[in-house]
Protein chains: 2
Amino acid sequence: MATIRDVAASAGVGTATVSRVLNGYAGVRPATRDRVLQAARVLNYRANGVAKALATGKFRTAGLILPDVSNPFFPSLARGVEDAAHADGYAVIFGNADNVPEREAEYVGLLRDRLVDGMIIASTGAPAALAELVGDVPVVLLDRRVPGWRVSYVSTDHRLGARLAVQHLVARGHQRIAHLGGPEHVASAEDRLGGYREALLEAGIDPRAEWIARGPFSYESGYERMLHWIDSGLEISAVFAADDLIAIGALQACQDRGWAIPQRLALVGFDDTLLARLVRPRLTTVLQPAYQIGVQAWELLARHMADPGAPTSDVVVEPHLVIREST
Amino acid sequence: MATIRDVAASAGVGTATVSRVLNGYAGVRPATRDRVLQAARVLNYRANGVAKALATGKFRTAGLILPDVSNPFFPSLARGVEDAAHADGYAVIFGNADNVPEREAEYVGLLRDRLVDGMIIASTGAPAALAELVGDVPVVLLDRRVPGWRVSYVSTDHRLGARLAVQHLVARGHQRIAHLGGPEHVASAEDRLGGYREALLEAGIDPRAEWIARGPFSYESGYERMLHWIDSGLEISAVFAADDLIAIGALQACQDRGWAIPQRLALVGFDDTLLARLVRPRLTTVLQPAYQIGVQAWELLARHMADPGAPTSDVVVEPHLVIREST
DNA sequence: ATCATCGATGAAAGCGGTTTCATACTACCG
DNA sequence: CGGTAGTATGAAACCGCTTTCATCGATGAT
């Protein structure tokens, strides 16, 4: 692997000049510039990014930590981040925290050690502990606010999304609407639950405790909780699920027990992943623009990386209801 | 951010000793070791990974290039790679080539510049061009062999998988079996097509040209091709799709045109992604153990990183048929 | 008591870039 | 034609770590 010194020697100049040419600084005589370029080409020279990073303190690499890549929502988001980062010449190191806070912390440390220039974290656990780990690396947080930590956030208005979903069910004439919620202490899940409650109260419906069951954002969890409700004779006519995976699990449970959707039970999900369009009946759900959220997060991060003193901001993305066949 | 010099000064030793202690080399007096450890703790010291990489030539980071993260098969695979890498203390930088060969090449360059210790590439295009770009970084290739490039491979036996699928359809009494193939020049797609042909010939059926339509591995592509077949009156009773996404698109098309599955048309997919279980009727498909393939690829890569002279190997994974309701 | 041996340790030289700073050269001006 | 401002360039320091190699003191053998 050719080094900058090889190129310098081959072109008969100093390494400083090679560096100047290759980084496009003015003040190099055209003849010299050409010699350097030529030598670099001949030697098939590519600058060593690590050495560059050490010298400049910038690595042109960012970290992205996701709670669960198997949930189709996150690949879309990741792709948004990655496309935007890529356009800026940045690489993205991604870590899958697998919904385990320890693993998340581990990744943050790993990334910090790799000197990433910034991180985007879609946190699972309580990210307050992360603040210290992150140090002074610019960070953008997704879906979760940490009091006292001055970083930028981008988040969907989950509360609003949940209200849209429930209002839609109410408008369809439902009165007994249950909620298959997400895990506790996860901000998006909490907000969706809050929106569900609000919307019921607004409609003059008392949100009963037995209408709420919480659990992980997964197909299995949705399936089991719904099955349990059906088998225990819970009297409901509609369900708002905290995400599409849970909704689809529930849908499956209904089909296994012969509850027709939407006749016997109306069902609304959240996210609008590809899955929502694939299942039968197609799932009514709340759209969160995953890709754009990713792009947005990148833009914020890019700003903070360019100017560490830039004011933090708080981007709230509006969700929309997508009505399909399950309601 | 504290440096190794700060720790050395604080502990009253040289940087060499700090380095020795922190990397666990023997030959440091316990008293000294404790002083260093203590100082490191007080200063909240973490070694700068970039500097370490520059000094050692090892970054404990690997690259993973995937053609399309939206295809649920790849997140599973990625997770296998990542889990295994993580267990070895490696970080993985991943790149989404988006099925564009240029983008793939760009990523390979990006990774090489970042001095990754190794790469796992699930290539889209013709990866021969990559050989040069990669340089002497250890590589494991997924699903694709490049003549003359001495690297390790791991690949599912796509040909066998396709034969299992078609043999199953034949056993169910089908004679007019079409194939919704994957893109041209993509090894897995070619092999599956090959297996399809072989199985038909073995069954004494002549594989007609009009029974084969190729296109991208996507839902939309499956939908459109199937719709076109139905509308153009193609007489078939079964379809083997080159992957689950295509199969599910086709399934959708059938439902939109009132072709009952499996009565009017039997359908088999490939991959056994989560989707196959979610759609109705559930999809019969060929299982490829994505996660294990990822783990396997990592193990191969780890071997090559540890010993650049290690002999290359060629791991072939056996697929299995998973029979569900679509046949 | 003397000397060779050995273990513990630090100084310093890289790793491959960037960047400052001094210098050599040009060109322009009076 | 000398002086000066300005431009192009290279030497060398530096980024934070690892690692070699020399050194120093202690130990054990003679």
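The sequence lines fix the lettering, A, B, ..., with proteins before strands; numbering per chain opens at 1. The figures here come from the full heavy-atom set of this structure, side chains too, leaving out hydrogens, waters and symmetry mates.
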Got a donor-acceptor contact below 3.5 angstrom from the B:T56 side chain to the B:K52 backbone?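 Yes; at least one donor-acceptor contact below 3.5 Å.
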Spell out, as yes or no, whether a donor-acceptor pair under 3.5 Å connects the side chain of A:R303 to the backbone of A:P311.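 Indeed, once roles are kept as given, a pair shorter than 3.5 Å links the two residues.
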Angle between ring planes, A:F59 versus B:F59, binned at 30° and 60°: parallel, tilted or perpendicular?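 The arrangement is perpendicular - the two ring planes meet at more than 60°.
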Could you tell me whether [X] contacts a base, only the sugar-phosphate backbone, or nothing, with contacts defined as non-hydrogen atoms closer than 4.0 Å?
| X | result |
| --- | --- |
| B:T56 | sugar-phosphate |
| B:A8 | nothing |
| B:T15 | base |
| A:V13 | sugar-phosphate |

Does a side-chain N or O of B:Y25 approach OP1 or OP2 of C:dA8 to a distance below 4.0 Å, or not?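 Result: no.
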Which nucleotide wins on minimum distance to the side chain of [X], given the candidates [options]?
| X | options | result |
| --- | --- | --- |
| B:L54 | C:dG16, D:dT9, C:dT18 | C:dG16 |
| A:T17 | D:dG10, C:dG10, D:dG16 | D:dG10 |
| A:T3 | C:dC21, C:dG17, C:dC15 | C:dG17 |
| B:K52 | C:dA11, C:dT18, D:dC17 | D:dC17 |
| B:R5 | C:dG17, D:dT19, D:dG16 | D:dG16 |
| B:N48 | D:dC17, D:dA8, C:dT9 | D:dC17 |
| B:A16 | C:dT18, D:dT19, D:dC17 | D:dT19 |
| A:S19 | C:dT18, C:dG16, D:dA8 | C:dT18 |

Between the side chains of B:R114 and A:T61, is a donor N or O closer than 3.5 angstrom to an acceptor N or O?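 Indeed, the side chains of B:R114 and A:T61 share at least one donor-acceptor pair under 3.5 Å.
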Quick one about A:Q38 and A:R41 (side-chain donor to acceptor, distance below 3.5 Å, no hydrogens or angles considered), yes or no?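 A pair is found: one side chain offers a donor N or O, the other an acceptor, under 3.5 Å apart.
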Find every protein N or O atom lying less than 3.5 Å from an N or O atom of nucleotides 23-25 of chain D, and list the pairs.
none

